[in-house]
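Notes to accompany the following structure.
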Amino acid sequence: MTISAKVQSCIERSSWIRKMFEEGARLSKLHGAENVYDFTIGNPSVEPPAAFRRELMELASNPLPGMHRYMNNAGYEETRAAIADVLSEKSPHPVKAGQVIMTCGAGGALNVVLKTILNPGEEVIILAPYFVEYKFYIDNHGGVSKEVWTDRETFQLDIDAIEAAIGANTRAIIVNNPNNPTGVIYPEADLKALGDMLARKEQELGRTLFVISDEPYARIAYDGQQVPGIFGCVKNSVIVTSHSKDLALPGERIGYLAANPQMEGVELFIDGAVFCNRVLGFVNAPALIQRLVTRIQRESVDINEYRRKRDLLYNHLTGLGFSMVKPGGAFYLFPKSPLADDVEFVKKAQQHNILLVPGVGFGAPGFFRIAYCIDMAIIERSLPAWEKLARDVGLRS
């Protein structure tokens with residue numbers, strides 16, 4: 001064996017999206033790319049907002065001395081201050097630049113937080129359906145994943161189930177709002193109920209319980225909904241996020257973590273996180289992109305474009321008999337599989353050149369995920385194939 005047994009095992013357990021990607025390449029060669037409908041990857045087809053290009057051109061035309069050098073491991077002060085100003089608008093207490101750390105995307109931020117807070121063997125609760133990488137990130141830092149289901153009909157938080165899962169070894173809970181893969185938004189009342197329960201459990205157990213709020217889709221919310229600020233709901237909370245989705249910059253790997261100003265020992269936490277940002281090998285977030293996002297913290301891609309795609313697919317698929325929760329945010333649908341075996345259903349979909357990810361890849365067998373962040377033209381061309389698939393699995397005659 002040329003790699004570790006552990007990594008070999010991880011590859012085998014995390015291969016669903018990779019398998020679908022490879023199948024898409026194979027089908028494209030056979031049928032032509034325009035006849036393959038790939039709904040597997042959350043890789044936005046939209047371009048960054050015009051303000052990003054203006055900032056890019058301005059910086060390219062007027063380069064700053066030393067702008068490609070190292071900076072403080074936490075990132076540029078002006079970038080952190082700009083982010084803190086925006087976060088303060090949803091926080092009952094002002095967020096300061098010193099409570100923000102620039103990171104290599106939300107994945108980098110999650111790893112930094114987990115390394116900062118976890119002792120070996122401590123548990124992190126993840127809420128099913130969940131983003132599959134959470135398990136690997138937790139394992140990276142000696143933690144143990146503990147799965148707790150959300151409500152199986154609505155995908156909303158099940159506070160009682162979370163409380164029942166908390167024990168002497170619990171250290172944190174990861175909350176993904178809006179959620180990948182379901183697209184649901186957790187309302188403020190539920191997050192406050194979570195915060196109240198955790199405060200009570202902290203007193204009972206005599207230890208700090210963190211909520212890590214993973215928020216890369218926080219600006220992608222529909223129908224007048226708003227994603228609540230976690231800082232007003234949970235005292236010991238940390239936001240991890242990126243500009244991969246709201247500014248359509250996934251390849252630039254720019255994100256940040258921010259600590260609740262009211263967190264117990266917030267200064268020590270930030271010191272630890274800055275240290276971990278360095279020793280994990282990130283050192284600092286990319287300098288150029290930090291500069292570029294500083295003045296566009298209130299910019300976003302056109303949310304209406306995603307809403308139109310959601311509505312087209314949701315209305316068409318529910319009309320065909322597929323059952324699903326209408327998502328309030330993000331850019332995913334998570335329908336129930338018409339077949340008991342979601343993997344078998346995904347294989348059926350491939351016969352119609354529709355590429356999906358089975359729910360088992362998100363800890364939720366019996367469902368499947370659709371990423372509708374692709375071009376509208378592809379979605380429109382796929383509709384007849386969905387109709388054939390629906391007939392094939394017995395949803396319509």
Side-chain angles (χ1 to χ4, degrees), residues 48-49 51-52 54-56 58-60 62-91 93-117 137 141 210 212-216 218-219 229-231 237-261 263 265-300:
F52 176 80
R54 288 197 299 269
E55 291 295 310
L56 180 61
E58 172 65 24
L59 196 55
N62 301 284
L64 301 171
M67 71 181 194
H68 301 295
R69 298 173 189 161
Y70 290 131
M71 78 295 295
N72 183 303
N73 293 134
Y76 288 122
E77 178 75 14
E78 59 268 32
T79 308
R80 298 158 68 203
I83 290 168
D85 286 346
V86 173
L87 292 176
S88 294
E89 295 170 3
K90 280 189 175 182
S91 172
H93 303 279
V95 181
K96 299 176 181 177
Q99 290 146 2
V100 176
I101 299 173
M102 303 307 299
T103 64
C104 294
L110 265 167
N111 276 277
V112 168
V113 172
L114 291 167
K115 184 170 181 63
T116 303
I117 65 173
Y137 293 166
H141 309 292
F210 292 92
I212 306 169
S213 187
D214 185 17
E215 302 184 5
R219 294 187 190 176
I230 194 69
F231 290 168
S237 55
V238 185
I239 292 170
V240 296
T241 190
S242 80
H243 289 306
S244 293
K245 319 303 182 187
D246 57 19
L247 294 179
L249 298 173
E252 302 298 347
R253 309 311 305 142
I254 186 67
Y256 60 85
L257 68 86
N260 191 330
M263 178 194 291
V266 64
E267 292 182 0
L268 179 59
F269 170 82
I270 289 294
D271 287 344
V274 171
F275 171 80
C276 292
N277 200 34
R278 173 166 60 88
V279 300
L280 282 171
F282 298 122
V283 183
N284 53 249
L288 181 63
I289 304 302
Q290 283 194 57
R291 299 252 189 224
L292 293 177
V293 302
T294 299
R295 295 196 293 179
I296 57 173
Q297 282 301 304
R298 289 178 174 81
E299 296 286 341
S300 178

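Note that the coordinates shown come from a computational prediction; the quantities given were computed from them, not determined experimentally.
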If only atom types and distance count, is the side chain of [X] paired as donor or acceptor with the main-chain N or O of [Y] below 3.5 Å?
X	Y	result
Asn277	Asn73	yes
Arg295	Leu292	no
Ser242	Gly255	no

Looking at every heavy atom in both [X] and [Y], which two are closest together, and how far apart are they?
X	Y	answer
Met71	Ala287	CE-CB, 3.6 Å
Tyr76	Arg69	OH-O, 4.1 Å
His93	Pro261	O-CG, 3.9 Å
Ile270	Leu257	CD1-CD1, 4.5 Å
Phe231	Ser237	CD2-OG, 3.3 Å
Ala285	Ile254	CB-CD1, 3.8 Å

Kindly indicate, with the supporting measurements, whether the criterion side-chain contact (heavy atoms from CB on, under 4.5 Å) is fulfilled by Met102 and Asn284.
CA-CA 7 Å; Met102 303 307 299; Asn284 53 249; over 6 Å; no
Supply the atom-to-atom distance [X] [atom1] to [Y] [atom2], rounded to the nearest 0.5 angstrom.
X	Y	atom1	atom2	value
Gln99	Ile101	CD	CD1	10.5 Å
Leu87	Glu215	CG	CD	8.5 Å
Leu268	Thr116	CG	OG1	9.5 Å
Tyr256	Ile239	OH	CD1	6.5 Å
Asp214	Ile230	CG	CD1	11.5 Å
Ile296	Leu249	CD1	CG	7.0 Å

Give the C-alpha distance, both sets of side-chain angles, the deciding distance and a yes or no for side-chain contact (heavy atoms from CB on, under 4.5 Å) between Asp246 and Thr241.
CA-CA 10 Å; Asp246 57 19; Thr241 190; 5.6 Å; no
Met263 vs Phe210, side-chain contact (heavy atoms from CB on, under 4.5 Å): CA-CA, chis, key distance, verdict:
CA-CA 9 Å; Met263 178 194 291; Phe210 292 92; 3.9 Å; yes
Can you confirm whether Pro49 sits close enough to Ser300 that some side-chain heavy atom of one is under 4.5 Å from a side-chain heavy atom of the other?
no
Is any side-chain heavy atom of Leu64 closer than 4.5 Å to one of Leu59?
yes
Going by the side chain to side chain donor-acceptor pair (under 3.5 Å) test, which pairs reach into residues 265-275, not counting sequence neighbours?
none
Who pairs with Arg54 by side-chain hydrogen bond (donor to acceptor under 3.5 Å, both in side chains), at least two apart in sequence or on another chain?
none
Just jot down the side-chain hydrogen bond (donor to acceptor under 3.5 Å, both in side chains) partners of Glu78, sequence neighbours excluded, or say none.
Arg291
In this structure, which one of Gln297, Glu299, Glu252 forms a side-chain hydrogen bond (donor to acceptor under 3.5 Å, both in side chains) with His243?
Gln297
Are there more than 12 heavy atoms of other residues, nucleotides or ligands under 6.0 Å from atom NZ of Lys90?
yes
Output all residues satisfying salt bridge (Lys or Arg N to Asp or Glu O under 4.0 Å) with Glu58, sequence neighbours left out; order by chain, then residue number.
none
Tell me every residue that passes side-chain contact (heavy atoms from CB on, under 4.5 Å) with Ala81, counting only those two or more places apart in sequence or in another chain.
Ala97
Extract all donor-acceptor atom pairs below 3.5 Å that involve side chains of residues 105-115 and protein atoms in other chains or at least two apart in sequence.
| unit_1 | atom_1 | unit_2 | atom_2 | d |
| --- | --- | --- | --- | --- |
| Asn111 | OD1 | Asn140 | ND2 | 3.0 |
| Asn111 | OD1 | His141 | NE2 | 2.9 |
| Asn111 | ND2 | Gly107 | O | 2.9 |

Thr79 and Val293: side-chain contact (heavy atoms from CB on, under 4.5 Å), yes or no, with the steps?
CA-CA 7 Å; Thr79 308; Val293 302; 4.2 Å; yes
